[in-house]
Each structure stands twice: as structure tokens, then as C-alpha cells.
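Residue numbers run from 1 in the order of the sequence given. Just the heavy atoms: all of them, side chains too, but no hydrogens, waters or symmetry mates, feed the values below.
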Amino acid sequence: MHCPYCKHGDSRVIDSRSAEDGSIIRRRRHCPSCDRRFTTVEQTQLSVVKRSGVVEPFQRDKVVQGVRKACKGRPVSDDDLARIGQQVEEAIRQTGMAEVPSVQVGRAILAPLSDLDPVAYLRFASVYNNYESVDDFVAAIDDLQRSQIPVAA
């Protein structure tokens with residue numbers, strides 16, 4: 001690790017601490033050249049393998065953008081969208097895999113989105129699951145109605 005002060009090419013780790021469920025490591029470092037200390041933060045890089053085989057870094061913003069399209073015109077706040085993005089990233093990180101297929105990212109979006117807004121869920125699921133007929137929508141609506149907890153009046 002290069003020293004940010006003198007650009008010396010080597011530094012010594014003094015202390016390492018894990019943060020955020022072990023997905024981030026903070027390291028306190030010492031530069032032998034200028035005798036200064038600095039902190040680095042290391043985070044594991046998640047990658048998404050697209051259907052075409054292209055591998056790209058996981059981007060929470062892409063998840064939020066996709067969900068935002070499905071939620072257009074619905075009573076969903078930016079905080080709700082950010083929360084879904086975080087839930088999806090946490091679900092992907094919990095798999096312990098460095099590379100996840102894009103299909104798995106889509107699946108991780110469906111559950112929190114169905115809890116947030118059923119209409120947005122149907123919009124997203126119709127594209128994600130490639131609905132081809134009205135019968136596909138009817139089946140999805142039936143599944144949603146069976147999974148929702150009845151509210152006492």
C-alpha cells in the first residue's frame with residue numbers, strides 16, 4: 001500500500017479491525033519513510049455475471065434504478081428504494097460468493113419489492129420472469145394474494 005503522504009511504496013499494518021459483518025476491514029498503517037500513520041478501508045468486490053457471460057461489478061444504484069422504473073407512479077419514497085437496494089446487496093453478500101449470476105440479483109429483488117408494493121412487484125416480475133400472457137399475470141396475482149397476511153378490520 002502506497003503512503004498517501006510521501007508515496008513510499010511500502011507500509012506496515014499496525015492494526016486490523018472488521019466492520020459491517022466482516023465485509024469491510026479497516027487497517028491502521030504506518031509508513032517507515034515519513035513515519036506517519038493512515039487508515040485504509042478494504043471491502044470485498046461483488047461481481048455480477050450477466051446472461052451474456054459479461055462480468056461487471058455489483059452496483060446498488062443499478063438495482064435501485066430498476067426498482068424505481070417498476071415503482072413509477074406508485075407511492076414509494078426514495079428511502080424505500082434505498083432500503084431495497086441495501087436489502088438486495090446484503091442478500092447477495094450473504095451468499096458468500098464473489099460472483100453471482102444476474103438471475104440471483106433479480107430473485108433477491110422480488111421478495112422485498114412484493115412486501116413494499118404489490119403493483120410494482122407485478123411490473124418488475126412481468127419483465128424479470130418474461131410474462132407472455134394474461135394468464136401469467138393472473139397466476140402471479142393469485143400467488144400474491146395467497147402470500148399476503150389478512151388484515152383484521
Side-chain angles (χ1 to χ4, degrees), residues 1-4 11-29 37-153:
M1 172 56 84
H2 293 293
C3 173
S11 62
R12 188 173 59 103
V13 175
I14 298 170
D15 184 38
S16 292
R17 294 184 186 201
S18 180
E20 293 189 26
D21 301 329
S23 64
I24 294 177
I25 298 174
R26 300 174 69 88
R27 297 194 194 279
R28 192 72 180 142
R29 295 178 175 269
R37 292 182 178 199
F38 59 97
T39 301
T40 59
V41 178
E42 299 173 18
Q43 184 171 12
T44 56
Q45 179 68 43
L46 288 175
S47 297
V48 177
V49 181
K50 307 279 237 169
R51 290 181 184 158
S52 65
V54 174
V55 178
E56 64 180 40
F58 175 83
Q59 297 173 20
R60 188 186 295 189
D61 291 341
K62 274 185 103 168
V63 170
V64 172
Q65 288 172 1
V67 173
R68 179 175 278 122
K69 289 177 187 174
C71 293
K72 187 173 182 178
R74 301 296 303 157
V76 176
S77 71
D78 286 341
D79 288 342
D80 293 331
L81 295 175
R83 198 169 11 267
I84 284 183
Q86 181 178 354
Q87 290 172 334
V88 169
E89 184 172 352
E90 288 172 358
I92 297 301
R93 285 194 185 279
Q94 285 178 351
T95 66
M97 297 168 38
E99 289 186 350
V100 294
S102 60
V103 172
Q104 193 168 351
V105 175
R107 278 191 219 123
I109 293 171
L110 289 173
L113 187 55
S114 70
D115 293 339
L116 178 65
D117 188 280
V119 173
Y121 166 81
L122 285 172
R123 289 176 179 170
F124 187 88
S126 70
V127 174
Y128 175 74
N129 292 326
N130 199 20
Y131 290 179
E132 294 180 5
S133 69
V134 174
D135 293 335
D136 294 334
F137 279 96
V138 170
I141 291 169
D142 289 344
D143 289 344
L144 266 176
Q145 288 176 333
R146 278 193 296 273
S147 68
Q148 288 182 343
I149 301 169
V151 179

Open item on the list: Looking at every heavy atom in both Leu110 and Tyr121, which two are closest together, and how far apart are they?
Closed with: O-CD1, 3.4 Å
Task: Test item: Asp115 side-chain N/O and Pro112 main-chain N/O as donor-acceptor pair under 3.5 Å - done: no
TODO: Show the numbers, then the answer: is there a side-chain contact (heavy atoms from CB on, under 4.5 Å) between Asp142 and Val138?
DONE: CA-CA 6 Å; Asp142 289 344; Val138 170; 3.9 Å; yes
Task: Heavy-atom closest contact (Gln45 atom, Phe58 atom, distance) - done: NE2-N, 4.2 Å
- [ ] Report the residue from Arg28, Arg26, Arg27 that forms a side-chain hydrogen bond (donor to acceptor under 3.5 Å, both in side chains) with Thr39.
- [x] Arg28
Open item on the list: Just verifying a value: how many Å separate Ile84 CD1 and Cys71 SG, rounded to the nearest 0.5 Å?
Closed with: 6.0 Å
Task: Arg123 to Lys72 - nearest heavy-atom pair and separation - done: NH1-O, 2.6 Å
Task: Distance-minimising heavy-atom pair for Val55 and Ser47 - done: CG1-CB, 3.7 Å
- [ ] Please report the C-alpha distance between Val103 and Arg51 in whole Å, then the side-chain angles of each, then the deciding distance to 0.1 Å, and finally whether the side-chain contact (heavy atoms from CB on, under 4.5 Å) criterion is met.
- [x] CA-CA 8 Å; Val103 172; Arg51 290 181 184 158; 4.1 Å; yes
TODO: Report the distance from atom CZ of Arg68 to atom CG of Asp61, rounding to the nearest 0.5 Å.
DONE: 9.0 Å
TODO: For residues Gln104 and Ile92, report the shortest heavy-atom separation together with the two atoms involved.
DONE: O-CD1, 4.1 Å
Open item on the list: Would you say CZ of Arg37 has more than 12 non-hydrogen atoms from neighbouring residues, nucleotides or ligands within 6.0 angstrom?
Closed with: no
TODO: Determine whether Asn129 and Asp136 make a side-chain contact, defined as any pair of heavy atoms from C-beta on separated by less than 4.5 Å.
DONE: no
Task: Closest non-hydrogen atom pair, Ala108 against Val88 - done: O-CG2, 3.6 Å
- [ ] Show your working on side-chain contact (heavy atoms from CB on, under 4.5 Å) between Val100 and Leu46 and close with a plain yes or no.
- [x] CA-CA 8 Å; Val100 294; Leu46 288 175; 5.5 Å; no
Task: Interatomic distance, Cys3 atom SG to Arg29 atom CZ [nearest 0.5 angstrom] - done: 11.0 Å
TODO: Consider only side-chain N and O atoms of Gln86 and Glu90, and report whether a donor and an acceptor are under 3.5 Å apart.
DONE: yes
Task: From Ser102 atom OG to Arg107 atom CZ, the distance as rounded to the nearest 0.5 Å - done: 9.5 Å
- [ ] Please round to the nearest 0.5 Å and tell me the distance separating atom CD1 of Ile109 and atom CD of Gln87.
- [x] 11.5 Å
Open item on the list: Between Val63 and Glu89, is there a side-chain heavy-atom distance shorter than 4.5 Å?
Closed with: no
Open item on the list: With rounding to the nearest 0.5 angstrom, report the OG to CD distance, Ser18 to Glu42.
Closed with: 11.0 Å
